[in-house]
Amino acid sequence: MLDIRYIRENLEEVEARLKTRGEAIDLGQFRELDQQRRGLLQESETLKALRNKVSEEISKVRDKSLVQDRIAEMREVGQKIKELDEDLNKVEELLQAITYTIPNLPSRQTPLGASEEENVEIRRWGTPAVFDFTPRPHWEVGEALGILDFERGAKLTGARFTLYKGAGARLERALINFMLDLHTTRHGYTEMLPPFIVNRESMTGTGQLPKFEDDLFHLDGTDYFLIPTAEVPVTNIHRDEILKGSDLPLCYTAYTPCFRKEAGSYGKDTRGLIRQHQFNKVELVKFVTPETSYQELDRLLDNAEEILRQLELPYRVMELCTGDIGFSAARTYDIEVWLPGQNTYREISSCSNFEDFQARRAKIRFKQDEKAKPEFVHTLNGSGLAVGRTLVAILENCQQADGSVVVPKVLRPYLGGQERIG
RNA sequence: GGAGAGAUGGCCGAGUAGGUCGAAGGCGCUCGCCUGCUAAGCGAGUAUACUGGGAAACCGGUAUCGAGGGUUCGAAUCCCUCUCUCUCCGCCA
């Protein structure tokens, strides 16, 4: 959510910056409702002040029969207040509906562009291995090894659900532990294990609702949703709180499964593990002061990259352009891992600074010191990393001519020393 | 699932035959005084949001005692609904 006072005072600028996202947003209605709101508010509050004053006078009079006319008068004032407040509520509801569906302003540093075509490559790390055979896609590698079972996944649930078996299941678990261990022991994050189901307020706080309800699994008969990312529960940990400035930055990491409907992606990535309705992810979340948030974004990105470096998987970092960044984000870097089976780089992490957009929605504030006024924190998050896609990258990059897969060195302690699968 | 109890400011905790309660008191915290230092002591201050005025410091208004609604000139206090917490019983990993 943007600051309504900022919108009010910088209407043209806000419209222009939002336009760089590719969606034209007309703030004319906002302006009109905002004016209506303040008009109604002032009228109502003036009458309330009068009523409070007269009521106090009435309280001082013992014999109420002496003030019957004043009481009657206030009864009418009360009626008028009620009418004004009803109008005010309607206007505020409309206004809220608008402000909750306005996306964040892209950072001024975010490159301009209409679509992912115009994302900017920042750097590459590692050299894709040269194979003396044609590298196969991970679904072939995994099925041949008997560690991924797509057919039975579909039998158990449906399309885009997969059964991991034996060494596949263990490898996934090893990756989760490896990532969490690295982030907690080397990068200074505190591990969290949040609920995988959250309520509507939490989904609204981080920006999934009200606009993207179609992407979420909703639990019938409740107001609960399966989380699409740990970002939701972990960021909402401090919803409606005022943090101490001296406690910032707060850095949390969490493993959770993620559940996404993937509405609108029919026909995309139908094979393999790339696009699932349920997948595992280790997430990084930070609560920081506004002055430090871009510095912290660089660090968070580096923390995510470090996982790939340690796994020795080649990747590149892309900065998303204004046309491609998400609804709540001001600036975003994607990490894309090399997948030889598909001869392409694929997203494995997305690291964003939301500035105060989520903090304002979720009312996450801090005080610079005891006496300071509360300010909104900046929130950041990024995948560190998408676990299923990391497993995909290992199967494809580390596959051998004989169909086996060499386990990256840093993972071996998590697999009882096993060096090879198959 | 059945039966009860409760939800007040950063924390603890008063306040129910409606009015002077944004809310006693204590703790904590901040600033000052005092003491050679520490401890103790003394004094003052210590919520948030919206809104009007002001360049600003700041001043005014409104709202907030779990949430929403109702009664009333007036509600933390009365009524209704909901949420959450706790205790007991049942069930369960």
Side-chain angles (χ1 to χ4, degrees), chain A residues 1-9 30-100 193-205 209 218-219 221-225 233 236-248 250 257 287 356-377:
Chain A
M1 189 161 68
L2 304 179
D3 181 359
I4 58 169
R5 272 174 299 196
Y6 189 83
I7 303 177
R8 186 186 298 155
E9 286 157 25
F30 169 87
R31 187 207 291 271
E32 195 171 308
L33 288 168
D34 181 53
Q35 280 171 0
Q36 273 183 39
R37 183 182 92 90
R38 281 183 296 158
L40 288 166
L41 193 67
Q42 275 173 254
E43 212 180 326
S44 165
E45 288 188 351
T46 305
L47 291 179
K48 281 176 185 165
L50 173 69
R51 182 178 64 183
N52 288 345
K53 193 162 147 267
V54 174
S55 291
E56 199 187 321
E57 285 165 19
I58 292 171
S59 75
K60 289 179 184 148
V61 179
R62 282 285 161 89
D63 183 355
K64 301 301 184 205
S65 67
L66 295 174
V67 289
Q68 277 312 311
D69 53 332
R70 303 244 76 187
I71 288 175
E73 210 179 302
M74 286 310 107
R75 194 172 322 184
E76 274 178 45
V77 168
Q79 190 56 39
K80 180 68 181 165
I81 289 170
K82 202 174 165 187
E83 286 164 19
L84 287 168
D85 282 351
E86 276 168 17
D87 291 346
L88 185 63
N89 281 340
K90 279 180 205 150
V91 169
E92 286 191 328
E93 262 174 46
L94 287 170
L95 207 50
Q96 197 187 50
I98 291 173
T99 52
Y100 274 148
L193 183 59
F196 303 157
I197 295 172
V198 298
N199 60 28
R200 184 169 291 274
E201 289 69 46
S202 294
M203 284 293 186
T204 305
L209 290 179
H218 177 251
L219 299 185
T222 71
D223 213 17
Y224 293 162
F225 299 84
N236 277 282
I237 288 173
H238 295 300
R239 173 153 49 84
D240 294 318
E241 290 184 16
I242 299 176
L243 304 166
K244 278 197 220 162
S246 56
D247 288 342
L248 301 180
L250 289 170
F287 303 81
D356 62 7
F357 186 84
Q358 293 181 326
R360 183 172 286 109
R361 287 183 163 235
K363 296 192 185 68
I364 307 169
R365 293 173 290 176
F366 77 103
K367 282 187 185 179
Q368 207 75 250
D369 58 74
E370 281 294 332
K371 296 230 162 159
K373 293 196 79 162
E375 297 175 59
F376 290 112
V377 299

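Computed over heavy atoms, backbone and side chain alike; hydrogens, waters and symmetry mates excluded.
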rG9(B) and rU48(B): how far apart are their C1' atoms, nearest whole angstrom? 10 Å
Where the side chain of Thr99(A) meets the backbone of Gln96(A), is there a donor-acceptor pair that is under 3.5 Å apart? yes
Salt bridge flag under 4.0 Å for residues Arg239(A) and Glu201(A): no
Please determine, for rG9(B), whether a Watson-Crick or G-U wobble partner exists with both distances under 3.5 Å, and give it or none. none
Reckon Arg37(A) has a side-chain N or O less than 4.0 Å from the OP1 or OP2 of rU51(B)? yes
Checking N1-N3 plus N6-O4 or O6-N4 for Watson-Crick, or N1-O2 and O6-N3 for wobble, each under 3.5 Å, the partner of rA14(B) is none
Atom CD of Glu56(A) to atom P of rU20(B): distance rounded to whole Å? 8 Å
Given rC50(B), is OP1 or OP2 found less than 4.0 Å from the side-chain N or O atoms of Arg8(A)? no
Tell me the partner of rC42(B), counting only Watson-Crick (N1-N3 plus N6-O4 or O6-N4) or G-U wobble (N1-O2 and O6-N3) with both under 3.5 Å; none if nothing fits. rG32(B)
Answer yes or no: does a side-chain N or O of Lys373(A) lie under 4.0 Å from OP1 or OP2 of rA49(B)? no
Looking at Arg200(A) and Asp223(A), would you say the former's side chain and the latter's main chain have a donor-acceptor pair under 3.5 Å? no
Separation between CG of Leu50(A) and NZ of Lys48(A), rounded to the nearest 0.5 Å: 13.0 Å
Taking the side chain of Ser59(A) as its heavy atoms from C-beta onward, which of rU51(B), rG19(B), rU48(B) lies nearest to it? rG19(B)
Closest to the Met74(A) side chain: rU48(B), rC84(B), rC73(B)? rC73(B)
Could you work out the separation of rU35(B) and rA40(B) based on their C1' atoms and round it to a whole Å? 10 Å
Quick one: do Glu56(A) and Lys53(A) make a salt bridge, cutoff under 4.0 Å? no
Leu41(A) has a side chain; which of rU51(B), rU48(B), rC73(B) sits nearest to it? rU51(B)
Just how far, in rounded Å, is C1' of rA49(B) from CZ of Phe376(A)? 10 Å
Partner nucleotide of rG19(B) by Watson-Crick or wobble geometry (both distances under 3.5 Å): rC73(B)
Phosphate contact (rU62(B) OP1 or OP2) by Asn52(A) side-chain N/O below 4.0 Å: yes
rC92(B) pairs with, by Watson-Crick or G-U criteria that keep both distances under 3.5 Å: none
Write down the partner of rA47(B) under the Watson-Crick or G-U wobble criteria, each distance required to be under 3.5 Å. rU64(B)
Tell me the partner of rU87(B), counting only Watson-Crick (N1-N3 plus N6-O4 or O6-N4) or G-U wobble (N1-O2 and O6-N3) with both under 3.5 Å; none if nothing fits. rA3(B)
Apply the side chain to side chain contact (heavy atoms under 4.5 Å, CB included) test between Ser202(A) and each candidate in Asn236(A), Leu209(A), Ile197(A); give the one that qualifies. Asn236(A)
Complementary nucleotide of rC37(B), counting Watson-Crick and G-U pairs under 3.5 Å: none
Rounded to the nearest angstrom, tell me the gap between atom CD1 in Ile4(A) and atom P in rC50(B). 7 Å
Does OP1 or OP2 of rC73(B) have a side-chain N or O of Arg51(A) closer than 4.0 Å? no
Nearest whole Å is fine: how far is rU62(B) C1' from Leu88(A) CG? 11 Å
Let's see if you can work this out: which of rU48(B), rU51(B), rC84(B) has an atom nearest to the side-chain heavy atoms of Pro374(A)? rU48(B)
Between rU16(B) and rG6(B) - P atom distance, rounded Å: 14 Å
Between rU71(B), rU48(B), rG52(B), which one does the side chain of Arg38(A) approach most closely? rG52(B)
How many Å lie between CZ on Arg200(A) and P on rC82(B), as a whole number? 19 Å
Among rC73(B), rC50(B), rU48(B), which nucleotide has an atom closest to any side-chain atom of Lys367(A)? rU48(B)
The side chain of Ser55(A) is closest to which nucleotide in this list: rG74(B), rU71(B), rA63(B)? rG74(B)
Could you work out the separation of rA47(B) and rG22(B) based on their C1' atoms and round it to a whole Å? 9 Å
What contact category does Lys244(A) fall into here, base, sugar-phosphate, or nothing, at under 4.0 angstrom with non-hydrogen atoms? nothing
